[in-house]
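Since the structure comes first, as structure tokens, the remarks are kept for the end.
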Amino acid sequence: MTHRTQIAVVGAGHAGVEAALASARLGLDTVLFTISLDAVSNMPCNPSIGGTAKGHLVYEIDALGGEMGRAADKVTLQSRTLNLGKGAAVHSKRIQADRRRYQELMKHTVETTPHLHPLQAEITALHTEAVPGTDRRRVTAVETSIGEVWECDCAIICTGTYLDSRIFVGNHTYAAGPDGFIPASQLSASLSEAGLGLRRFKTGTPQRILRSSIDFSELEEQPGEEHIVPYSVLTDEKKLNEIDQISCHIVYTNAETHRIIKENIKRSAMYSGMIHGVGPRYCPSIEDKIVRFADKERHQLFLEPLGENTEEMYLQGFSTSLPPDVQDAMLRTLPGMKNAVISRYAYAIEYDCVDPLELYPTLEHKKVDGLFGAGQFNGTSGYEEAASQGLIAGINAAMKVLGREQVILRRSDGYIGTLIDDLVTKGTNEPYRMMTARSEYRLLLRQDNADERLTPIGRRVGLIDDARWAAFETRRAAIEAEKERLERTIPEAASLRAFLSAHEMPEKAGFTLADLLRRPQLDYEVLAQIDTDRPDLPYSVIITAEYDIKYEGYLKRQLAEVRRQERLETVTMPEDIDYKSIRGLRIEAAQKLSAIRPVTLGQASRISGVSPADISVLLIRLGLK
């Protein structure tokens with residue numbers, strides 16, 4: 001049987017759901033295929049959303065009109081802002097999410113979105129045809145395991161860790177996806193036939209432990225933060241701060257834990273030679289930590305709840321592929337875990353993914369027209385990285401069908417732009433994880449100003465409705481009004497003298513509140529002592545107003561750097577340019593440029609092996625120098 005749709009999204013994890021919601025909300029008939037409707041937006045690894053740089057991504061998803069942030073706010077069990085001991089540029093929100101509630105909420109959102117058809121079916125083949133006069137192919141349809149063919153204009157592959165996936169526990173291995181779901185075992189061959197270069201990556205997850213078997217008196221409690229700033233501007237901030245937050249707990253490995261792991265290291269699938277995929281550098285298994293950091297006497301772990309209505313707990317940092325008996329033994333060496341009962345054993349999982357250098361910055365494949373990729377299929381790790389790419393892939397697939405200009409976010413626009421540019425320009429040899437250190441514009445790309453940077457883009461695309469836009473304008477107006485008030489308000493003279501003396505600052509008449517706020521040792525909360533008539537504002541408005549004023553000088557310098565780079569970013573490279581024929585271009589540069597085919601001169605300048613001298617040659621070739 002043959003059916004017809006405009007956009008086919010393969011996979012309903014965090015990437016697939018954002019892609020499908022974006023294209024459907026833009027009016028495109030969309031079918032979201034998933035191996036199991038019970039796995040929509042599943043969290044097969046950690047029950048959290050956000051984290052260092054990942055929190056930035058969630059704010060940016062919301063600012064563009066995506067769903068992850070709004071859903072995360074509704075299922076928050078605990079909220080913490082990481083890196084508060086450092087500058088505002090790296091402050092990152094992370095929440096503990098009720099895993100099942102999040103899944104149910106996102107599934108219902110998918111089911112009730114107009115133009116979106118969720119369908120439980122395994123996609124086993126991609127149909128393509130040759131594009132006349134080129135060496136490219138074009139997507140025509142996807143085919144299910146029961147022989148149904150869905151003709152489509154565009155397909156978005158969001159297979160996560162399901163693509164020809166295998167589970168490893170000790171010396172046992174079997175074909176399966178996360179949480180025991182069936183794998184997508186046939187699609188890889190079809191993608192290879194279409195010209196995609198696939199490779200093998202690996203990730204893993206720790207045990208789940210029953211709460212009743214843990215002695216929490218031996219653990220260090222980690223409560224939530226006092227002020228919860230929501231991910232979404234549509235969330236009622238006051239109501240969110242009324243929730244009873246659930247504590248997490250900290251525990252450390254010890255010498256006995258390390259001894260057991262070392263004695264059994266050969267029984268790990270990681271070290272027995274069974275696993276061939278490349279694992280994530282920044283989220284290694286516990287046995288990998290013991291080997292790589294042999295001098296460390298202990299490793300910090302976090303015990304986190306999976307939800308309000310489950311007894312299962314998640315031990316972050318204890319991922320392993322060791323066999324069950326070793327998992328039991330090493331777990332019982334931890335404080336509070338003497339009688340711990342495992343409900344789910346840890347495992348490693350290996351899966352297929354594409355080389356992201358084969359993608360344009362729009363996330364469309366260079367060899368197959370109409371084929372887009374997002375998430376772990378593109379070589380990334382993490383829910384947030386996946387959702388970010390899914391949103392952009394969904395937008396651009398819709399724009400392609402509608403004949404409208406596609407969206408390419410610059411590195412200076414946001415972490416999403418940095419993430420995608422890194423993937424398609426530099427590639428990755430391991431599961432890519434977003435970090436604040438990857439951005440050269442960190443101070444501009446704070447998580448608290450994501451809406452200011454990206455909501456106008458979401459509005460232009462068509463994903464920001466009137467209610468969301470009105471909320472954005474209200475928040476923006478409140479921030480500007482508070483900044484203006486701080487700039488013009490001069491504290492009463494006697495109060496100011498006493499305040500300056502108490503903080504060991506030289507006396508000076510005429511200080512405004514903004515002048516004081518720019519002092520490194522002072523903040524908005526401390527100024528309450530001499531700012532007695534301040535308005536009652538949401539905490540989210542306060543921190544943005546404070547950071548804009550405090551870092552004003554640095555922000556101006558970073559904006560100047562962005563403007564210097566804009567010239568290269570606006571120069572489009574001809575699609576048919578023959579780099580190997582350009583005189584003066586080094587051989588390595590010509591080879592790299594020919595392989596990656598950068599869209600702009602700015603992207604070309606960031607390719608490894610392309611020097612400033614090569615860029616000068618390209619400027620001359622394009623008649624710009």
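Model, not experiment: these values are computed from the prediction.
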Qualifying residues under ring pair (Phe, Tyr, Trp, His ring centres under 6.0 Å), relative to Y432, sequence neighbours excluded: none
Distance-only polar pair, side chains of E385 and Q389, donor-acceptor under 3.5 Å: no
Under 3.5 Å side-chain donor-acceptor pair for T5 and D29: yes
Test item: H91 and R446 side chains (from C-beta on) under 4.5 Å apart, heavy atoms: no
Carboxylate-amine/guanidinium proximity below 4.0 Å for K556 and E552: yes
Close side-chain approach of L618 to L593, heavy-atom, < 4.5 Å: yes
Test item: L463 and L391 side chains (from C-beta on) under 4.5 Å apart, heavy atoms: yes
Heavy-atom side-chain proximity of R200 to D164 below 4.5 angstrom: yes
Side chains of N46 and S48, donor plus acceptor under 3.5 Å: yes
Results of side chain to side chain contact (heavy atoms under 4.5 Å, CB included) for S608 - residues two or more places apart only: K592
Under-4.0 Å salt bridge between E566 and R563: no
Residue pair Q603 / T425, side-chain donor-acceptor N/O under 3.5 Å: yes
Note, H299 side chain near I290 side chain (heavy atom, < 4.5 Å): yes
Between T418 and R438: side-chain donor-acceptor atoms closer than 3.5 Å: no
Donor-acceptor pair between S412 and Q558 side chains, under 3.5 angstrom: no
Ion pair check, D352 and R199, cut-off under 4.0 Å: no
T544 versus R475, side-chain donor and acceptor atoms under 3.5 Å: yes
Any pair counted as salt bridge (Lys or Arg N to Asp or Glu O under 4.0 Å), so long as it reaches residues 593-609, sequence neighbours left out: D421-R606, E569-R606
Least distance between heavy atoms, L126 atom then A155 atom: CD1-CB, 4.3 Å
Least distance between heavy atoms, G204 atom then C45 atom: O-SG, 3.8 Å
Within 45° cone of Y59 ring axis and under 6.0 Å: K93 NZ or CZ: no
Pairing residues for H127 by the ring pair (Phe, Tyr, Trp, His ring centres under 6.0 Å) criterion, not counting sequence neighbours: none
Close side-chain approach of L28 to L402, heavy-atom, < 4.5 Å: yes
Side chain to side chain contact (heavy atoms under 4.5 Å, CB included) partners of R459, counting only residues at least two apart: I464, D466, W469
Of all pairs that satisfy ring-ring contact (aromatic ring centres under 6.0 Å, His included), the ones with a partner from residues 369-423, not counting sequence neighbours: H14-Y383, H56-Y415
Donor + acceptor pair across side chains of S321, S268 (<3.5 Å): yes
